[in-house]
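All chains are named by letter (A, B, ...) in the order of the sequence lines, taking the proteins before the strands, and each is independently numbered beginning at 1. All values reported here derive from a predicted model rather than from experimental measurement.
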Protein chains: 2
Amino acid sequence: MARMAVAERRAALVQAALRIIASQGVAAATTRAITAEAGMALASFHYAFRSRDELIAELIAYVVENESLAAQRPLEPGLDLESTIRIGLLGYLDLVAADPARELAMFELTQYALRTDELGEAARAQYASYHAAAEAVVKAAADLTGRTWSRPAGEIARIVVTLTDGLTLDWLVHRDDEATRPVVDFAARALAALADPPQEP
Amino acid sequence: MARMAVAERRAALVQAALRIIASQGVAAATTRAITAEAGMALASFHYAFRSRDELIAELIAYVVENESLAAQRPLEPGLDLESTIRIGLLGYLDLVAADPARELAMFELTQYALRTDELGEAARAQYASYHAAAEAVVKAAADLTGRTWSRPAGEIARIVVTLTDGLTLDWLVHRDDEATRPVVDFAARALAALADPPQEP
DNA sequence: GTCTATAAGGAGATAGAC
DNA sequence: GTCTATCTCCTTATAGAC
């Protein structure tokens with residue numbers, strides 16, 4: 001392979017690893033598989049990274065900054081808060097359904113990080129990123145519907161992430177939109193109940 | 001090691017594997033580690049099991065039948081429904097906190113099963129067991145407080161499992177009782193709202 | 001039946017030719 | 001800088017002695 005700046009090579013390896021992890025899981029992302037996917041020689045790996053765990057750490061950092069719920073669609077206007085949340089959650093689950101292996105991989109990454117001493121901070125950073133993304137969405141949902149939250153947005157966001165984690169696992173295990181639907185309805189109603197009573201004009 | 005019936009040997013290997021997985025994760029449960037933990041020769045493994053995946057399948061079946069929420073403490077009497085649920089959830093999180101590595105391992109097992117073609121059914125069985133355990137608890141909570149659920153108990157149970165999965169991940173990532181507490185309060189309030197209005201005597 | 005010994009292959013990491 | 005070739009270790013699985 002032609003000359004590449006080390007930074008560029010690192011980025012290419014992270015992307016290759018991400019493709020493997022998203023489709024086959026963390027365990028399948030061996031240095032051999034990653035370099036093959038990137039079209040590089042095996043030795044190039046250790047020219048760019050000191051170890052496999054160093055790549056995983058950088059990969060989680062990349063995911064944290066560029067992925068998470070970034071693909072979230074814009075909220076639909078003209079609905080009440082509960083419907084806005086419900087449709088938002090269903091849209092999120094559509095993303096899960098569109099690439100289940102990838103969503104499974106996000107859980108695996110968190111858990112790999114939690115098992116690896118030096119990566120515990122990476123797991124927390126991953127969730128800090130989820131919380132920030134969720135906070136933006138819950139603020140937007142309140143603005144869009146002219147409602148206010150009865151609790152700090154950060155607390156609402158944490159609840160949203162807890163619910164989406166649970167919903168994601170439920171869907172990944174059963175792959176059954178119908179069966180997950182009542183849980184989505186519950187989540188939307190319960191979240192909407194955290195808003196202050198609507199203003200009388 | 002002395003003679004053992006094959007069934008007994010299989011059970012001993014499953015127990016050994018469970019100890020390793022609970023403390024060090026699924027990836028650490030190699031046939032070598034398992035047989036060493038069980039005090040057997042390596043070759044004994046393939047005398048009892050055809051492959052490592054066969055053991056994992058039996059291990060999940062064991063977990064499904066004997067563990068899950070079985071360690072749940074009895075509910076406290078004399079409280080209203082929301083408090084009963086809140087204290088039940090906090091008790092569950094105490095179990096998570098008492099052995100975080102084990103709880104992490106339960107997630108890993110599900111995800112390993114979801115990644116392995118022949119084990120997809122095992123993951124669903126694991127959740128069916130969770131749902132059954134949760135259903136028993138939600139029925140007990142309603143009975144204890146003299147309330148009735150506005151939805152089928154199976155649906156309430158599924159919501160409970162979704163919430164506990166999310167709560168467990170939240171706690172495992174942050175290990176912060178204080179930070180998880182508002183999410184527990186939310187879950188208890190939202191679940192209690194699924195009961196019919198209390199009877200006027 | 002149970003063990004030691006070993007096969008056969010995959011892993012991370014590196015030396016050294018170019 | 002980049003690659004081939006290799007080192008060392010660890011994996012699952014099995015053959016064959018006892």
Side-chain angles (χ1 to χ4, degrees), chain A residues 1-21 23-60 105 108-109 112-113 115-119 122, chain B residues 1-21 23-60 105 108-109 112-113 115-119 122:
Chain A
M1 170 156 277
R3 276 203 194 181
M4 278 174 100
V6 172
E8 202 180 336
R9 196 171 279 275
R10 284 170 72 99
L13 286 167
V14 166
Q15 288 302 314
L18 198 51
R19 285 194 295 276
I20 294 170
I21 288 175
S23 60
Q24 295 161 263
V26 173
T30 64
T31 54
R32 289 178 144 77
I34 294 168
T35 49
E37 169 75 22
M40 294 182 200
L42 175 58
S44 302
F45 187 94
H46 289 285
Y47 175 70
F49 289 100
R50 221 159 47 82
S51 72
R52 182 174 171 275
D53 272 0
E54 191 180 292
L55 174 134
I56 298 283
E58 186 153 317
L59 186 145
I60 295 179
E108 287 181 352
L109 275 180
Y112 182 86
R115 284 252 181 238
T116 311
D117 283 346
E118 303 86 41
L119 293 180
Chain B
M1 171 157 277
R3 277 201 196 184
M4 279 173 99
V6 172
E8 201 180 338
R9 196 170 280 274
R10 284 170 73 99
L13 286 167
V14 166
Q15 288 302 314
L18 197 52
R19 285 194 296 275
I20 294 170
I21 288 175
S23 60
Q24 296 160 260
V26 173
T30 64
T31 54
R32 289 180 137 75
I34 294 168
T35 50
E37 170 75 23
M40 293 181 199
L42 176 57
S44 302
F45 186 94
H46 290 283
Y47 175 71
F49 289 100
R50 220 159 48 82
S51 70
R52 182 175 171 275
D53 272 0
E54 191 179 293
L55 174 133
I56 298 284
E58 186 153 318
L59 186 145
I60 294 180
E108 287 180 352
L109 275 179
Y112 182 86
R115 284 251 182 240
T116 310
D117 284 345
E118 303 86 44
L119 294 180

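Contact annotation: B:R9 side-chain N/O to C:dT2 OP1/OP2 distance is under 4.0 Å. The side chain of A:T31 contributes an N or O atom lying less than 4.0 Å from OP1 or OP2 of C:dG12. Between B:S44 and C:dT2, a side-chain N or O to OP1/OP2 separation shorter than 4.0 Å is absent.
Separating the NE2 atom of A:H46 from the P atom of C:dA15 is a distance of 12 Å, rounded to the nearest angstrom. D:dT14 atom C1' lies 18 Å from atom CZ of B:R52, rounded to whole Å. Atom P of nucleotide C:dG12 and atom CZ of A:F45 are separated by 8 Å, given to the nearest angstrom. Atom CG in A:L42 sits about 10 Å away from atom C1' in C:dA11, given to the nearest Å. Straight-line distance from the CG atom of A:L13 to the P atom of D:dT2: 12 Å, rounded to whole Å. Remark: C1' of C:dA13 and CD of A:E54 are 13 Å apart, rounded to the nearest angstrom. In this structure, B:M40 atom CE and C:dC3 atom P are separated by 9 Å, rounded to whole Å. The CD1 atom of A:I34 sits 17 Å away from the P atom of C:dG10 (whole-angstrom rounding).
Two residues are said to be in side-chain contact when any heavy atoms from C-beta on lie closer than 4.5 Å; A:V14 and A:F49 meet this criterion. Side-chain contact between B:I21 and B:I56 is present, with at least one heavy-atom pair separated by less than 4.5 Å.
Among B:L13, B:L18, B:L59, the one residue that satisfies the side chain to side chain contact (heavy atoms under 4.5 Å, CB included) test with B:I34 is B:L13. Checked options A:R19, A:Q15, A:R32; the residue passing with A:E37 is A:R19 (criterion: side chain to side chain contact (heavy atoms under 4.5 Å, CB included)).
A search for side chain to side chain donor-acceptor pair (under 3.5 Å) contacts involving B:R115 returns A:E108, not counting sequence neighbours.
Here the side chain of B:S51 is nearest to one of C:dT14, D:dT6, D:dA13, namely D:dA13. Set against C:dC3, C:dT14, C:dA11, the side chain of A:A43 has C:dT14 as its closest nucleotide. Of the candidates C:dC3, C:dA11, D:dT4, the closest approach to any side-chain atom of A:A41 belongs to D:dT4. Of the candidates D:dT14, D:dT11, C:dG1, the closest approach to any side-chain atom of B:Y47 belongs to C:dG1.
Residue A:R32 places a side-chain atom within donor-acceptor reach of the base of C:dG12, judged by atom type and a 3.5 Å distance cut-off alone.
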